[in-house]
Amino acid sequence: MVAPTDGGPGTGGTVATAGRGGTTGTAGRGGTGGTGGGATGIAGTGGTGGGTGGTGGTGGTGGSGIDAGCGLPADAGPAGGTCPAMFNFETDNEGAMINAGSTAFTGVMKSSAYTFCGSGALAIAAMFSGTSGSTTKGEVLIPLPGAPVDVTGKMITVHVAADPGCSSDLNLSMVVNTQSGPIYFTPMPLIRPVTTSWKMATVTVSPDGGSTSALNLSLQAFSSTGYKGTIYIDEIDIK
């Protein structure tokens, strides 16, 4: 307890901000702890008493955690099982490279941080900006083994996730580039939005537009709301 000071009755405080007045002030109640993105705030500290009125408690400080819906799940990491897909990214990045014409992707590598199967996935560092132009698009090219190859009637499957995963417009499309030009698929985009949960898209190549001379797969992501984070690609299969 703090000894009272000289003077008249203290001025009454408001709850959670100032102590109640009196000959000997009662300690003010601490402020309610703030809440931050998924983390609990630190509780406020109580005020100290005094003849002129207690000093109110200080409000809690909000936590700085990441919203549970945006960050990777707690069990993120290498997944088990065998991974028989044509491109499983278990040992390397399968020759993936960023297309120089798109600047929203800044790096690509094999990673074990978050996988759909096994211990490897393709991790693409992304930094979108603006609402139009090259900074709203990222493109990664993955060469097809033995290209040019015939993919007529083939089914192509791809899995994608992102960290953080709260963007409302981050999306993924896929194109097959051939000696005769690109083959597009509908719907476009294939997946929207891309989140922390692994999502799968499957397309079938129709017998036209150069399907007998496929060169590479083009994975394209778009965002006009300034998404920044990592896009994960795993288990791309063609059969």
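Below, all heavy atoms of this structure are taken into account, side chains as well, without hydrogens, waters or symmetry copies.
The minimum heavy-atom distance linking S213 with S180 is given by the pair OG-N, 4.2 Å. Pairing each heavy atom of A104 with each of G138, the nearest pair is CB-N, 4.0 Å. In plain terms, the two heavy atoms of A126 and I231 that are nearest each other are CB-CD1, 4.2 Å. Taking all atoms of both residues into account, the shortest heavy-atom contact from G95 to P143 is O-CD, 3.5 Å. Across all non-hydrogen atoms, the minimal contact from V175 to P182 is CG1-CB, 3.6 Å. The shortest heavy-atom contact between C83 and G81 is SG-O, 3.8 Å.
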Q: Please assess I183 against S211 for the test side-chain contact (heavy atoms from CB on, under 4.5 Å), listing each intermediate value before the final yes or no.
A: CA-CA 8 Å; I183 298 176; S211 61; 4.1 Å; yes
Q: Apply the test side chain to side chain donor-acceptor pair (under 3.5 Å) to residues T230 and D163: give CA-CA distance (whole Å), side-chain angles for both, the deciding distance (0.1 Å), then the verdict.
A: CA-CA 5 Å; T230 303; D163 177 31; 5.8 Å; no
Q) D169 and S223: side chain to side chain donor-acceptor pair (under 3.5 Å), yes or no, with the steps? A) CA-CA 6 Å; D169 75 336; S223 173; 3.1 Å; yes
Q | Verdict with reasoning, F185 to T204, per side-chain contact (heavy atoms from CB on, under 4.5 Å) | A | CA-CA 8 Å; F185 302 96; T204 300; over 6 Å; no
Q. Can you list the steps and then say if T195 with L170 is a side-chain contact (heavy atoms from CB on, under 4.5 Å)?
A. CA-CA 8 Å; T195 69; L170 180 63; over 6 Å; no
Q.
Quick one, T103 with S134, criterion side chain to side chain donor-acceptor pair (under 3.5 Å). Give me CA distance, side-chain angles, the key distance, then yes/no.
A. CA-CA 6 Å; T103 58; S134 62; 3.3 Å; yes
Q | Trace of the side-chain contact (heavy atoms from CB on, under 4.5 Å) decision for T157 with I236 | A | CA-CA 5 Å; T157 303; I236 303 176; over 6 Å; no
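Listed for the H159 side chain is a donor-acceptor partner under 3.5 Å among the backbone atoms of E235. Judged by distance alone, with hydrogens and angles left aside, the side-chain atoms of K199 form a donor-acceptor pair with the main-chain N or O of P193 at under 3.5 Å. Looking only at distances, a side-chain donor or acceptor of Y227 sits under 3.5 Å from a matching main-chain atom of P164. A side-chain donor-acceptor contact under 3.5 Å links S112 to the backbone of S119.
Atom CZ in F89 sits 13.5 Å away from atom CZ in F116 (nearest 0.5 Å). Going from atom CG of L144 over to atom CG of D150 covers 11.5 Å, rounded to the nearest 0.5 Å. To the nearest 0.5 Å, atom OG of residue S132 and atom NZ of residue K137 are 13.5 Å apart. With values rounded to the nearest 0.5 angstrom, M97 atom CE is found 11.5 Å from I142 atom CD1. Note that CE of M188 and CE of M174 are 9.5 Å apart. Values are rounded to the nearest 0.5 Å. One distance of note links OH of Y232 with OG of S111; it measures 5.0 Å at 0.5 Å rounding.
Side-chain N/O atoms of E139 and S218 include a donor and acceptor closer than 3.5 Å.
No side-chain heavy atom of C117 sits under 4.5 Å from any side-chain heavy atom of N88. Looking only at side-chain heavy atoms (C-beta outward), F87 and L217 come within less than 4.5 Å of each other. By the 4.5 Å heavy-atom criterion applied to side chains, D234 and L122 are not counted as neighbours. Contact of the T202 side chain with the M155 side chain is registered, since non-hydrogen atoms from C-beta on lie closer than 4.5 Å.
I124 and I191 fall within a single hydrophobic cluster, where Ile, Leu, Val, Met, Phe, Trp and Tyr side chains are chained together by heavy-atom contacts under 4.5 Å. In this structure, V205 is a member of the same hydrophobic cluster as L190, with clusters built from ILVMFWY side-chain heavy atoms closer than 4.5 Å. Hydrophobic clustering keeps F222 apart from V194 (ILVMFWY residues linked when any side-chain heavy atoms are closer than 4.5 Å, directly or through intermediates). Clustering ILVMFWY residues whenever any of their side-chain heavy atoms sit less than 4.5 angstrom apart, transitively, puts L215 in a cluster other than the one holding L219. Placement of M86 and V158 within a single hydrophobic cluster is found when ILVMFWY residues are connected by side-chain heavy-atom separations under 4.5 Å, directly or transitively.
Classified by interplanar angle (parallel below 30°, tilted 30° to 60°, perpendicular above 60°), the ring pair W198/Y114 is tilted.
More than 12 heavy-atom neighbours from other residues, nucleotides or ligands sit within 6.0 angstrom of NZ on K110. Around CE of M109, the count of heavy atoms belonging to other residues, nucleotides or ligands within 6.0 Å does not exceed 12.
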